[in-house]
Amino acid sequence: MKNTGTRDKKIVVWKKGSIAELMAVSQNNFDLKAGEEVKLEFTVRIPVSAPYKKYDGRVVIFKWPKLW
């Protein structure tokens, strides 16, 4: 993810659904400075004993200008 703008941005990663409890995100709720670039890594660990097709969900990344 790269901030190509001239203002800092506030980044929030929102996980929803049953998959959210099994998902880890490398960074969340952070400021991305103007011109800065970061790599976000998403890891999902589903147990071997998990039922087939039980998990669902969404990941949404919010990015808006940092006001202060």
Checklist entry - Under the 4.5 Å side-chain heavy-atom rule for ILVMFWY, direct or indirect, which residues accompany Tyr52? => result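 Direct or chained contacts put Tyr52 with none.
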Next on the checklist: Could you go through Val38 and Phe30, starting from their C-alpha distance and side-chain angles, then the distance that decides it, and tell me whether this counts as side-chain contact (heavy atoms from CB on, under 4.5 Å)?
Outcome noted: CA-CA 11 Å; Val38 297; Phe30 63 95; 3.9 Å; yes
Pairs of donor and acceptor atoms involving the side chains of residues 13-29, under 3.5 Å and at least two apart or interchain, shall be tabulated with distances.
from: Lys15; atom 1: NZ; to: Met23; atom 2: O; distance (Å): 2.9
from: Ser18; atom 1: OG; to: Asp56; atom 2: N; distance (Å): 2.9
from: Ser18; atom 1: OG; to: Asp56; atom 2: O; distance (Å): 3.3
from: Ser18; atom 1: OG; to: Asp56; atom 2: OD1; distance (Å): 3.1
from: Ser26; atom 1: OG; to: Glu41; atom 2: N; distance (Å): 2.9
from: Asn28; atom 1: OD1; to: Val13; atom 2: N; distance (Å): 2.7
from: Asn28; atom 1: ND2; to: Val13; atom 2: O; distance (Å): 3.0

Checklist entry - Is Lys9 close to Asp31 at the side-chain level, that is, under 4.5 Å between some pair of heavy atoms? => result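 Heavy-atom side-chain distance check fails, nothing below 4.5 Å.
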Checklist entry - CE/Met1 to CD1/Ile11 distance, rounded to the nearest 0.5 angstrom? => result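 It is 5.0 Å, given to the nearest 0.5 Å.
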Checklist entry - Any donor-acceptor pair under 3.5 Å linking the side chain of Asp8 with the backbone of Ala34? => result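 Yes, because the side chain of Asp8 sits within donor-acceptor range (under 3.5 Å) of the backbone of Ala34.
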Checklist entry - Would you say Phe42 and Val44 are hydrophobically clustered, going by side-chain heavy atoms of ILVMFWY under 4.5 Å? => result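 Per the 4.5 Å side-chain linkage, Phe42 and Val44 are co-clustered.
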Checklist entry - Does Val12 share a hydrophobic cluster with Val59, counting links as ILVMFWY side-chain heavy atoms below 4.5 Å and allowing steps through other members? => result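 No, separate clusters.
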Next on the checklist: Holding to salt bridge (Lys or Arg N to Asp or Glu O under 4.0 Å), I want the full list of residues that pass it with Lys63, two or more places apart in sequence or in another chain.
Outcome noted: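 Salt bridge (Lys or Arg N to Asp or Glu O under 4.0 Å) list for Lys63, sorted by chain: empty.
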